Amino acid sequence: QVQLVESGGGLVQAGGSLRLSCAASGRTFSMTYMGWFRQTPGKEREFVAAANWGRRTYYADSAKGRFTISRDVVQNRVYLQMNSLKPEDTAIYYCATTTLIIGDSVTETDFDSWGQGTQVTVSS
């Protein structure tokens, strides 16, 4: 199994930036894709960004142009650089990874290992 621990969340004013970090341990060799999701009370968890071992990345429309996902393969970490934050970005952000898929194709339902989340609060 894979263990994921997020960090870097906090309180920031609108327009500010945060850099989230996720440290992975365990069966890290199986993490074809790593990604970030977020959730607010009363809403389903929503996709934010994902990246594979190489250069392929995916972004939600809400994240494009503001957020950047990156991976450190050696340290088994994934990062989410969030710039130009808005109050609507307030959520618990979860790190997630796929453990069973192979190849280049991925869907949101393929993510099957999750961290505990880190709170991001953006004030207006």
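Everything numeric in this text was worked out from a predicted model, so none of it was measured.
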Between atom CZ of Arg45 and atom OG1 of Thr40, what is the distance when rounded to the nearest 0.5 Å? 12.0 Å
Would you give the length of the straight line joining atom CD1 of Ile102 to atom OG of Ser30, rounded to the nearest 0.5 angstrom? 12.5 Å
Tyr94: ring-ring contact (aromatic ring centres under 6.0 Å, His included) partners, not counting sequence neighbours: none
Can you find a pair of side-chain heavy atoms, one from Glu46 and one from Glu108, that are under 4.5 Å apart? no
I'd like to check Asp89 versus Arg38 (side-chain heavy atoms, cut-off strictly below 4.5 Å). Are they in contact? yes
From CA spacing to verdict: side-chain contact (heavy atoms from CB on, under 4.5 Å), Leu85, Leu18: CA-CA 8 Å; Leu85 284 163; Leu18 285 174; 4.1 Å; yes
What do you reckon, are the aromatic ring centroids of Trp36 and Phe47 less than 6.0 Å apart? no
Taking the ring centre of each residue, are Phe37 and Tyr93 less than 6.0 Å apart? no
Salt bridge check: are Lys64 and Asp61 linked by an N-O gap of less than 4.0 Å? yes
Under 3.5 Å donor-acceptor, [X] side chain and [Y] backbone:
{"X": "Gln119", "Y": "Gly9", "value": "no"}
{"X": "Thr32", "Y": "Ile101", "value": "yes"}
{"X": "Gln39", "Y": "Ile92", "value": "no"}

Would you say that more than 12 heavy atoms from the other residues, nucleotides or ligands in this model lie under 6.0 Å from the CD of Gln13, or not? no
Side-chain heavy atoms nearer than 4.5 Å, only ILVMFWY residues, links allowed to pass through others: does that put Phe111 and Met34 together? no
Given Met31, which of Val73, Asn52, Val78, Thr97 fulfils the side-chain contact (heavy atoms from CB on, under 4.5 Å) condition? Thr97
